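Step one of this worksheet: look at the structure below.
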Amino acid sequence: MIDVKLLSENPDTFRASQRARGADESLIDAILAADSARRESIASFEALRAQQNAFSKRVGAAKGEEKQALLAEVKELSQNVKAAQAASDEAAAAYSALQRSIPNLIMDGVPSGGEDDFTVVKHVGTPRDFAAEGFEPRDHLELGELLGAIDMERGAKVSGSRFYFLKGVGARLEIALMNMALDLALQKDFIPMITPTLVRPETMQGTGFDVEHDDEIYKLERDDLYLVGTSEVALAGYHANEILDLSAGPTRYAGWSSCYRREAGSAGKDTRGIIRVHQFNKLEMFVYCSPEESEAEHAKLLALEEEMLAKVELPYRVIDTAAGDLGMSAARKFDCEAWVPTQDAYRELTSTSNCTTFQARRLNIRERETGADGKPGKTRSVATLNGTLATTRWIVAILEHHQNADGTVNVPVALRPYLGGLEVLPLL
RNA sequence: GGACACGUGCCAGAGCGGCCGAAUGGGCUUCACUGCUAAUGAAGUGUCGGGGUUAUACUCGACCGGGGGUUCAAAUCCCCCCGUGUCCGCCA
């Protein structure tokens, strides 16, 4: 959630942010009003409570008739306190609901608008010219079947549409990819984690997902648990309600988990192959750091993603996502999109978000400031960031981009050690 | 799935319905003492929110796993939930 103190000091900045996102600007004035209503009701409740506390002390000390008299007097006061408390609770709830409904303040430079209004930061590498090479590229599913790597039909038989089996070199390729990503993360001092994939509603909500309305999320009704769409959720919840010591620098995790998405709104889109599926694996980076460090960390996460893309030798572009496409928690988001030959399009392989203090506020994750005297000072919210290091979807781009005319696929050099030295994925 | 027990501050651990934001011990910080370390002595040591201040100070309220309830008054009594432990059952 957003920092209302900051908002009350710079309401216009927040209005502009809302506008850029295509979100409701009137929420800004609504929350300012709710805040002052809340303060007022708290003040009157606490004044009454203080009176009651003073009375209670006297009741405890008194005896006999005096006590009876005091009791009679304080009884009415007690009713007033209850009413004032109820009013104050209500005002606080209204305020909190508003606070939770306002998305993160976007950063300077984030383009305004929706999904298509991103700006391209750069292009790296060149898409292969298959026409010049003299053959028509096969799509990843056709290749996957030729290699015995992907089995969609049986996926559907066992689990339904958008489920699949990775088999043989397909399974090995995914494990290789994940391991290569993990090694890169380890090299950069990320702490490896294998995370829960079922989480409680609080964890889901804390991370910025709306469990009530988001129909991307799988819910286990019977157990009141949710399947995560990314290990970001578990990694954000990991330090909930804690005060971290970040004095030695950011804490960085690399979470490996399966991810689950309902893809409810995407009927008919990407129905072929494993581009858009209900379940996939992902190696996710997650960072806790001080707010001042967040932009530099964001750049580092992006650089690591690019390092991975370089390792698998894919041409890609980096985009700065537009405000309306950021999601609730992010203040800025960069996606790396790889060239997918048979789609003649760039498709998202990684996504890294700077959530500044937004998630941390919801999850109550703080750090201890160092005072001017060098002693421990006050607490404040930390910043959180996340970014993709590898996912199942990478297989799509790797197969298609590195394919040969006969349907075999060259293994990127950096990936070979993870496939036992295999240089070419052979036909089945 | 069933039964019982437990959940208190950085840790351990006491706590009678009012005198409990909470004993005691340890840790940590500061000071004193000591040639250094150790030992010893003294003081301090939570979070959130309201008011107040340029900022402190100060002041008020809340917090003893979470949420409700009883009561003038709840760490203390009652209910629900969550977690932990032990035993039984069941399953991999």
Side-chain angles (χ1 to χ4, degrees), chain A residues 1-10 31-100 195-206 211 219-226 233-234 237-248 357 359-382:
Chain A
M1 53 204 185
I2 45 118
D3 181 352
V4 179
K5 201 165 268 172
L6 194 66
L7 183 148
S8 66
E9 287 161 10
N10 318 280
I31 194 164
L32 288 171
D35 188 31
S36 59
R38 163 184 152 269
R39 283 160 192 269
E40 269 173 46
S41 71
I42 286 175
S44 56
F45 157 63
E46 288 187 350
L48 282 169
R49 172 70 91 192
Q51 253 186 68
Q52 185 192 29
N53 286 345
F55 253 101
S56 271
K57 282 215 167 105
R58 287 169 61 201
V59 172
K63 342 181 184 24
E65 266 180 49
E66 194 194 347
K67 186 165 191 164
Q68 293 312 312
L70 279 170
L71 272 180
E73 209 175 330
V74 83
K75 218 157 200 168
E76 195 190 326
L77 180 58
S78 168
Q79 291 311 309
N80 293 340
V81 169
K82 266 196 183 131
Q85 180 164 31
S88 152
D89 286 350
E90 208 173 299
Y95 165 81
S96 163
L98 270 170
Q99 191 184 15
R100 284 169 176 279
T195 62
T197 50
L198 292 173
V199 300
R200 304 186 158 187
E202 306 93 271
T203 308
M204 210 69 191
Q205 279 157 338
V211 296
K219 175 176 189 183
L220 298 187
E221 195 78 47
R222 215 174 142 179
D223 301 284
D224 199 22
L225 288 170
Y226 297 82
V233 177
Y238 187 70
H239 284 302
N241 301 314
E242 293 182 23
I243 297 175
L244 307 180
D245 180 5
L246 297 175
S247 57
T357 58
Q359 281 178 336
R361 259 175 230 289
R362 287 192 166 208
L363 291 162
N364 189 27
I365 304 169
R366 292 164 294 160
E367 68 167 328
R368 180 76 56 190
E369 278 184 287
T370 311
D373 52 1
K375 288 184 188 172
K378 296 185 170 185
T379 62
R380 62 168 180 173
S381 297
V382 302

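Quick caveat, the model's predicted, so the values are computed rather than measured. FYI, side chains are in, hydrogens and waters are out, and symmetry mates aren't considered; it's all heavy atoms of this structure. Every chain is numbered from 1, with letters handed out A, B, ... down the list of sequences.
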Check: Are OP1 or OP2 of B/rU56 and a side-chain N or O of A/Lys378 less than 4.0 angstrom apart?
Finding: yes
Exercise for review: Check if the side chain of A/Glu46 and the base of B/rG51 share a donor-acceptor pair of N or O atoms closer than 3.5 Å.
Suggested key: no
Pairing partner of B/rC64, by Watson-Crick or G-U wobble and under 3.5 Å for both distances, is none
Pairwise P distance, B/rC64 and B/rA74 [rounded to whole Å]:
11 Å
* To do: Considering only atom C1', compute the distance from B/rU34 to B/rA38 and round it to an integer number of Å.
  => 10 Å
Practice item. Provide the distance between the two P atoms, one in B/rC58 and one in B/rU53, to the nearest whole Å. Key: 16 Å
If the cut-off is 4.0 Å, is A/Asn53 near the phosphate of B/rA73, judged by side-chain N/O to OP1 or OP2? no
On a whole-Å scale, what distance lies between the C1' atoms belonging to B/rC20 and B/rA62?
15 Å
Checking N1-N3 plus N6-O4 or O6-N4 for Watson-Crick, or N1-O2 and O6-N3 for wobble, each under 3.5 Å, the partner of B/rU76 is none
Notebook entry, point to check: For atom P, what is the distance between B/rA22 and B/rC79, given to the nearest Å?
Noted result: 30 Å
Between CD of A/Gln205 and C1' of B/rG66 the distance, given in whole Å, is 15 Å
Phosphate-side-chain proximity, A/Arg49 and B/rC60, N/O vs OP1/OP2 below 4.0 Å:
no
As its Watson-Crick or G-U partner within any shown strand, both distances under 3.5 Å, B/rU53 has none
For B/rU70, the nucleotide meeting Watson-Crick or G-U wobble distances (both under 3.5 Å) is none
Next item on the list: Would you classify A/Glu73 as touching base, sugar-phosphate or nothing, given that sugar-phosphate means primed atoms plus P, OP1 and OP2, and contacts are heavy atoms under 4.0 Å?
Entry: nothing
Checklist entry - What interatomic distance, in whole Å, is found between P of B/rG9 and the corresponding atom of B/rG15? => result 16 Å
When rounded to whole Å, the CG to P distance for the pair A/Asp223 and B/rG83 reads 11 Å
Return no unless some side-chain N or O of A/Lys57 is found under 4.0 Å from OP1 or OP2 of B/rG18.
no
Re B/rG17: Watson-Crick or G-U wobble partner, both distances kept under 3.5 Å, found to be none
Exercise for review: Step through the shown structure and confirm whether more than 12 heavy atoms of other residues, nucleotides or ligands are within 6.0 Å of OH on A/Tyr95.
Suggested key: yes
Under a 3.5 Å limit on both distances, the Watson-Crick or wobble mate of B/rG1 is B/rC88
Mate of B/rG41 across any strand shown (Watson-Crick or G-U wobble, both atom pairs under 3.5 Å) is B/rC31
pair_partner(B/rG83), Watson-Crick or wobble, both distances < 3.5 Å, evaluates to B/rC6
Looking at A/Arg38, I'd like to know whether one of its side-chain N or O atoms comes within less than 4.0 Å of OP1 or OP2 on B/rG50. yes
